[in-house]
Amino acid sequence: MPWWSWILIWIALVAVSLLFYVLLGIRLFRQFMATVKDLGAAGERFGAPLANLGEPSRQPGPEWEPGQGPQASPGSAVFASPMQMRHDYLTSKSSRREERRQRRVQRKADRGQPQALRDIEFG
């Protein structure tokens, strides 16, 4: 084999390896861009509810009654302080008890039954 055939073989090997690396780079770039696109879509989908955690006035949902405050959004307990969560728990617990008491008083009044002393408001 003449000496110049070795040069041609090496040039062909380098060209094929460069072509392989270019095609591999294009493939990796396309996969990377697809991943970035999916991450962007996931960020828009899951990031929108988290953006309004601090602003309850802008959250969609039913209006609350005048005697009650805004309801916490699901998942906000993770970021709240334990004292705030304890306060929210005790407040909602007492409001539920008061609502049950009022329903019980109304039900007994509708049926003509005597009221329990604990249900009667003296104030």
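Keep in mind that what you see is a predicted model, and the values were worked out from it rather than measured. Every heavy atom of this structure was used, including side-chain atoms; hydrogens, water molecules and symmetry mates were not.
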Check your understanding: Do Glu98 and Gln102 have side-chain atoms, one donor and one acceptor, less than 3.5 Å apart?
Key -> yes
Review point. Would you find more than 12 non-hydrogen atoms of other residues, nucleotides or ligands less than 6.0 Å from Arg104 atom CZ?
Key: yes
Review point. Just how far is it from atom CZ of Arg27 to atom CZ of Arg30, taken to the nearest 0.5 Å?
Key: 11.0 Å
Study note, to complete from the structure: Distance col, row Leu23:CG vs Leu18:CG, nearest 0.5 angstrom, shows 11.0 Å
**Study point:** Inter-residue atom distance Leu13.CG - Trp10.CH2, 0.5 Å rounding
**Key:** 6.0 Å
Point to revise | Arg96 CZ to Thr91 OG1 distance, which is reported to the nearest 0.5 Å | key: 10.5 Å
Check your understanding: What do the steps show when you test Met33 against Phe29 for side-chain contact (heavy atoms from CB on, under 4.5 Å), and what is the final call?
Key -> CA-CA 6 Å; Met33 292 307 289; Phe29 178 74; 3.7 Å; yes
**Study point:** Identified side chain to side chain contact (heavy atoms under 4.5 Å, CB included) partner of Arg97 from the options Arg100, Glu99, Arg101
**Key:** Arg100
Study note, to complete from the structure: Minimal heavy-atom distance between Met85 and Ala80, with the atoms involved, is SD-CB, 3.6 Å
Review point. So do Met1 and Ile9 actually touch side chain to side chain, heavy atoms under 4.5 Å?
Key: yes
Review point. About how many Å separate CH2 of Trp4 and CD1 of Ile11, when rounded to the nearest 0.5 Å?
Key: 11.5 Å
Revision key, fill the gap. So OG of Ser81 and CG of Asp88: to nearest 0.5 Å the spacing works out to 8.5 Å
